[in-house]
Amino acid sequence: NYAENGGEEDICSFSDAFEDATFESIDFGDGVEAIPAGFFAKSATLKSVKFGAALRVIGQLAFASNKVVKVDLSACTKLTEILVNEDSQTYKTINGCVYTKDGTKLVIVPEGITGWLDIPDGVTEIGDYACESGKNVHYVKLPDSLAKIGYYAFSGCTSLKHADLSGLTMECVWNTASMFEGCTSLIDVKMPDFAPLDFGVTEGMFAGCSSLETVYVSELWQMAEYSEGVDMFDGCVKLVGQNGTAYSAAHTDWEYARIDENGTPGYFTYMEPTVEPADPIDPIDPIDPKPITYDSVSEMGSEGDLEKW
């Protein structure tokens, strides 16, 4: 129970109430509105917490000094801001979202954030499932500083309409499996600087994007023959390439992940790259094709011959 006085909520403290508990996970359901201060502090075995839609208040240090590694806020549909204690040595709040303390990694986006998702310059990584709760985000522009995008980064962002990945290469994104899976409002994606020749995991990348019309790439996009791209376009019923090739349920894998041209049907549309391609690597001098060989150890001869051999 909690009391409201003058608009402020006063949560009673039950510090360390579960210090000796042995459970590893908690699901608060939809009936819990407040969690007392210090209530689960020092719960040494607690690893996973799921909050319900009714949650309004979490008391100070409610989960202090424990080993929680997973927090599920998916039911908190009106949550617009997650405030991290300034004394935290691990995380901090930027624009309502949770980042690592050094501000380089986006950890979680609260589901109540709407419209534009502002990921600031200096962020180098988007964590696994980080934006999965951002169901009300309409547009995202990623910073040039980005170096890594985690698994299912934007999966389930059902209000996302436009994604601009310009400036990002495959050095930044090494696995796009299910990146936009289930983004049912997504209309277009720009990724003109992706160069996946030595990259092959695109499985389910756009699966379930039923509103997707256009995917922009450049000549840098060349899929490798060993690509793992099953169901890459599954359910993209509105997708059309630049030459008019329309989605077909017979072609949902990576084979149509190419620019749509005469003789080579595909689902992509051409767009000029925005970054200069990397300088080619200097060729390595060929190995001497005629090395000195011996038929037996006894034929090695002198010490000088041995060094040469």
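All values derive from a computational prediction rather than experimental measurement. Index from 1, following the sequence. Quick note: numbers below take in every heavy atom, side chains included, and nothing from hydrogens, waters or symmetry partners.
For NZ of K135, the number of neighbouring non-hydrogen atoms (other residues, nucleotides, ligands) closer than 6.0 Å is greater than 12.
F154 and F206 have their aromatic ring centers separated by at least 6.0 angstrom.
Counting only heavy atoms from C-beta outward, the side chains of V217 and F194 never approach each other to under 4.5 Å. Annotation: side chain of I26 is in contact with side chain of F40 (closest heavy-atom distance under 4.5 Å). Side-chain atoms of T77 and L79, non-hydrogen and from C-beta on, never get closer than 4.5 Å to each other. Considering only heavy atoms from C-beta on, I35 comes within 4.5 Å of F63 through its side chain. You'll find the side chain of K105 stays beyond 4.5 Å of the side chain of Y99, heavy atoms only. At least one side-chain heavy atom of E219 sits less than 4.5 Å from a side-chain heavy atom of Y270. Looking only at side-chain heavy atoms (C-beta outward), I187 and T214 stay at 4.5 Å or farther from each other. You'll find the side chain of L146 stays beyond 4.5 Å of the side chain of K148, heavy atoms only.
Note that the OG atom of S155 and the CG atom of L160 stand 11.0 Å from one another [nearest 0.5 Å]. Taking CE of M179 as the start and CE of M191 as the end, the distance is 8.5 Å to the nearest 0.5 Å. For the atom pair CG (D188) and SG (C209), the distance works out to 11.5 Å, reported to the nearest 0.5 Å. Rounding to the nearest 0.5 angstrom, the gap separating the CG atom in N136 from the OG atom in S159 is 5.0 Å. Here the straight-line distance linking atom OG of S178 with atom CD of E203 works out to 6.5 Å at 0.5 Å rounding. Note that OH of Y247 is 9.5 Å distant from CG of L239, once rounded to the nearest 0.5 Å.
No path of Ile, Leu, Val, Met, Phe, Trp and Tyr side chains, each step under 4.5 Å between heavy atoms, connects V240 with M232, placing them in separate hydrophobic clusters. V215 and V237 fall within the same hydrophobic cluster, defined by Ile, Leu, Val, Met, Phe, Trp and Tyr side-chain heavy atoms under 4.5 Å apart, directly or through other members. Cluster annotation: Y139 and L212 are assigned to distinct hydrophobic clusters (Ile/Leu/Val/Met/Phe/Trp/Tyr, side-chain heavy-atom contacts under 4.5 Å, transitive).
With respect to V98, the side-chain contact (heavy atoms from CB on, under 4.5 Å) criterion is satisfied by exactly one of L83, I82, T90, L106: I82.
Between the side chain of Q222 and the backbone N or O of L220 there is no donor-acceptor pair closer than 3.5 Å. At least one donor-acceptor pair under 3.5 Å links the side chain of S218 to the backbone N or O of P192. Formation of a donor-acceptor pair under 3.5 Å by the T93 side chain with backbone atoms of G96 is not found in this model. Using modelled atom types, no side-chain atom of D253 and backbone atom of E255 make a donor-acceptor pair closer than 3.5 Å. Listed for the T158 side chain is no donor-acceptor partner under 3.5 Å among the backbone atoms of T184. Between the side chain of T274 and the main chain of G167, a donor-acceptor pair closer than 3.5 Å is present. Remark: side-chain polar atoms of T45 are not paired, donor with acceptor, to backbone N or O of E24 under 3.5 angstrom. Of the possible donor and acceptor atoms, none in the side chain of D234 sits under 3.5 Å from a partner among the backbone N and O of A207.
Under a 4.5 Å side-chain heavy-atom criterion applied to ILVMFWY residues, the cluster that includes M271 comprises Y216 as well. When hydrophobic residues (I, L, V, M, F, W, Y) are linked wherever their side-chain heavy atoms come within less than 4.5 Å, L61 remains an isolated member.
The shortest non-hydrogen separation linking C131 to C157 is O-SG, 2.9 Å. Taking all atoms of both residues into account, the shortest heavy-atom contact from K92 to T100 is CG-O, 3.7 Å. Residue C183 comes nearest to G156 through the heavy atom pair SG-N, 4.3 Å, listed as atom of the first residue, atom of the second, then distance. Closest non-hydrogen pair, T252 versus A249, comes out as CG2-O, 3.6 Å.
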Listed pairs under 3.5 Å, donor-acceptor, residues 46-54 side chains, sequence neighbours left out:
none

With a cut-off of 3.5 Å and sequence neighbours excluded, list every side-chain donor-acceptor pair involving residues 108-125.
unit_1, atom_1, unit_2, atom_2, d
T124, OG1, T104, O, 3.2

Pair up each side-chain donor or acceptor in residues 260-269 with any protein partner under 3.5 Å, not counting sequence neighbours, and list the distances.
unit_1, atom_1, unit_2, atom_2, d
D260, OD1, T245, OG1, 2.7
D260, OD1, G266, N, 3.2
D260, OD2, N243, N, 2.8
D260, OD2, G244, N, 3.0
D260, OD2, T245, N, 2.9
D260, OD2, T245, OG1, 3.1
N262, OD1, N243, ND2, 2.9
Y267, OH, S248, N, 3.0
Y267, OH, H251, O, 2.8
T269, OG1, Q242, N, 3.4

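Take F23 and apply the ring-ring contact (aromatic ring centres under 6.0 Å, His included) test, not counting sequence neighbours, and it matches F18.
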Dump the intermediate steps for side chain to side chain contact (heavy atoms under 4.5 Å, CB included) on Y91 and N85, then the final yes or no. CA-CA 8 Å; Y91 303 107; N85 191 301; over 6 Å; no
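A donor-acceptor contact closer than 3.5 angstrom is absent between the side chains of N66 and S43.
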